[in-house]
Engineer: 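Below is a structure I'd like to ask you about.
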Amino acid sequence: MVPLGWAWGVIGLIFATAISLYANALIARLHEFGGTRHIRYRDLAGFIYGRKAYSLTWTLQYVNLFMINVGYIILAGSALKAAYVLFRNDDGMKLPHFIAIAGLVCAMFAICIPHLSALGIWLGFSTVLSLVYIVIAFLLSVKDGVKSPPRDYSIPGTSTSKIFTTIGASANLVFAYNTGMLPEIQATIRQPVVKNMMKSLYFQFTVGVLPLYMVTFAGYWAYGSSTPTYLMGGVNGPVWAKAMANIAAFLQSVIALHIFASPMYEYLDTKHGIKGSALAFKNLSFRILVRGGYLTINTFVSALLPFLGDFMSLTGAISTFPLTFILANHMYLMAHKNKLTSIQKLWHWINICFFAIMSAAATIAALRLIALDSKTYHAFADL
């Protein structure tokens, strides 16, 4: 909202919701294309285009998931730091320290949860933790907003910087709604598969987005252009409430990261023939070394460049746009080209070209933001 303001921020969120629902609906309708269930996005791309597309899609997925993991570790570290400063007003520990702690906890969780289906009850905890954070952040933001003097809602920066930040914000908006792994998430859904996937999508992009809207609009209303990237880092209220929200955000980030890291874990487990009991010495040591090593790299990048908003923009630009919008439209076009009218074909080509241009522009804008922040903040900055 900060780089977009009220008008374009509201329009952008609603527009991003609509196009994200549409793009994911295209992927869902291709889930059983050719009489086969495609439980991996890369499998669907490979089935339609061939082996090279399989590899390219997996590469884009890897980039997308890696950047999502970086974002979650930064978020978890920011939540830990926000909880720490509630009780200790000193410089004894800085953000990179909390990011390192967050990375260690994420690695321990990944070692203990061998596969995605083992999350089970943890997904219920994730929902509760999300609601705890959202309710507390919303109530404290509204409380601050009621007591605060008139806020500045103008878009900060020069005319040139406003253009770049607005383009970067568009990538942030689509990143907030998309993962590039819809088939993987819905792999175990009950029959009829496509119909149930569509029900899930309709629910998520109607009822499911309301908490996101609620906390986003309340936070921006309360603080205006000075709204912090991590909202709980700037709210006022009882220490116990802020501590609860921060700890909830930290724990939820640990669980959510595992969801988006699971495709990489599954790939590595399959490649190296990891089967049988999760507690077998070979399997346990493999998870410790491989998953621990993977998350160590994630944690290092997170601590090195902890610019959460910039990474969200870059992720949206280089992977979310191509995976969710460009590829989805083109795959649907290729799969049903003999059944589509000329108008329908034109519509998909317009989408492909538009999102290709947006992807290129957003990549340039995100790299510019990272370069500027890298000059403003040194490596391993304490933001």
Side-chain angles (χ1 to χ4, degrees), residues 1-14 16-17 71-89 95 98 102 105 121-156 169 172-173 175-177 203-257 308-309 312 383:
M1 295 291 290
V2 173
L4 294 172
W6 269 121
W8 288 111
V10 173
I11 293 171
L13 272 173
I14 295 174
T17 304
Y72 270 118
I73 293 175
I74 294 173
L75 176 58
S78 299
L80 273 184
K81 180 186 175 183
Y84 174 84
V85 299
L86 292 174
F87 304 97
R88 292 284 299 272
N89 188 19
L95 181 59
F98 294 107
V105 174
I121 193 172
W122 292 103
L123 296 177
F125 284 126
S126 176
T127 302
V128 173
L129 292 167
S130 296
L131 290 175
V132 168
Y133 174 85
I134 288 170
V135 170
I136 293 176
F138 174 77
L139 292 177
L140 294 184
S141 297
V142 171
K143 179 174 175 287
D144 282 350
V146 170
K147 295 181 178 180
S148 297
R151 275 78 71 191
D152 177 17
Y153 295 110
S154 62
I155 301 174
N172 267 351
L173 292 176
F175 174 77
Y177 293 111
F203 179 83
Q204 179 57 43
F205 284 97
T206 52
V207 177
V209 298
L210 294 181
L212 175 66
Y213 286 170
M214 184 173 71
V215 75
T216 300
F217 295 147
Y220 186 63
W221 169 78
Y223 308 107
S225 58
S226 61
T227 306
T229 302
Y230 176 61
L231 184 59
M232 287 305 299
V235 302
N236 299 299
V239 171
W240 67 267
K242 293 194 289 184
M244 183 182 295
N246 286 318
I247 295 304
F250 167 72
L251 294 175
Q252 201 279 337
S253 298
V254 173
I255 299 171
L257 181 145
L308 180 59
M312 287 172 63
L383 303 183

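All values derive from a computational prediction rather than experimental measurement.
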Engineer: Check Ala76 against Ala102 and note the closest heavy-atom contact, atom names and distance.
Structural biologist: CB-CB, 3.7 Å
Engineer: Without swapping roles, check the side chain of Arg151 against the backbone of Pro149 for a donor-acceptor pair under 3.5 Å.
Structural biologist: yes
Engineer: Quick check: closest heavy atoms across Ile247 and Ala83, and the distance to 0.1 Å?
Structural biologist: CD1-CB, 4.2 Å
Engineer: Could you list the residues that satisfy side-chain contact (heavy atoms from CB on, under 4.5 Å) with Phe203, not counting sequence neighbours?
Structural biologist: Val207
Engineer: Kindly give the heavy-atom pair with the smallest separation between Ser78 and Tyr230, and that separation in Å.
Structural biologist: O-CE2, 4.0 Å
Engineer: Which residues satisfy the side-chain contact (heavy atoms from CB on, under 4.5 Å) test with Ile155, sequence neighbours excluded?
Structural biologist: Lys162
Engineer: Counting only N and O atoms by type, is there a donor-acceptor contact under 3.5 Å from the side chain of Ser225 to the main-chain atoms of Pro156?
Structural biologist: no
Engineer: How many angstroms lie between CD1 in Ile255 and OG1 in Thr127, if you round to the nearest 0.5 Å?
Structural biologist: 9.0 Å
Engineer: Can you name the side chain to side chain donor-acceptor pair (under 3.5 Å) partners of Ser130, sequence neighbours left out?
Structural biologist: Gln252
Engineer: Below 4.5 Å, heavy atoms only, C-beta onward: do Val254 and Trp122 meet side chain to side chain?
Structural biologist: no
Engineer: Closest heavy-atom contact between Ala16 and Leu173?
Structural biologist: CB-CB, 3.9 Å
Engineer: Report the residues that fulfil side-chain contact (heavy atoms from CB on, under 4.5 Å) with Ile11, sequence neighbours left out, ordered by chain and then residue number.
Structural biologist: Trp8
Engineer: Ignoring hydrogens and angles, write down the donor-acceptor pairs under 3.5 Å from the side chains of residues 136-148, residues two or more places apart or on other chains.
Structural biologist:
unit_1	atom_1	unit_2	atom_2	d
Ser141	OG	Ala137	O	2.6
Asp144	OD2	Tyr223	OH	2.5
Asp144	OD2	Asn236	N	2.9
Ser148	OG	Asp144	O	2.5

Engineer: Backbone N or O of Leu13 within a donor-acceptor pair of the Tyr177 side chain at under 3.5 Å?
Structural biologist: yes
Engineer: Donor-acceptor pairs under 3.5 angstrom involving side-chain atoms of residues 210-220: please list them, not counting sequence neighbours.
Structural biologist:
unit_1	atom_1	unit_2	atom_2	d
Tyr213	OH	Thr17	OG1	2.6
Thr216	OG1	Leu212	O	2.7
Tyr220	OH	Tyr153	O	3.1

Engineer: Provide the closest heavy-atom pair for Ala245 versus Met232 in the form atom of the first, atom of the second, distance.
Structural biologist: CB-CE, 3.7 Å
Engineer: Does Tyr84 reach the side chain of Asn246, with side-chain heavy atoms less than 4.5 Å apart?
Structural biologist: no
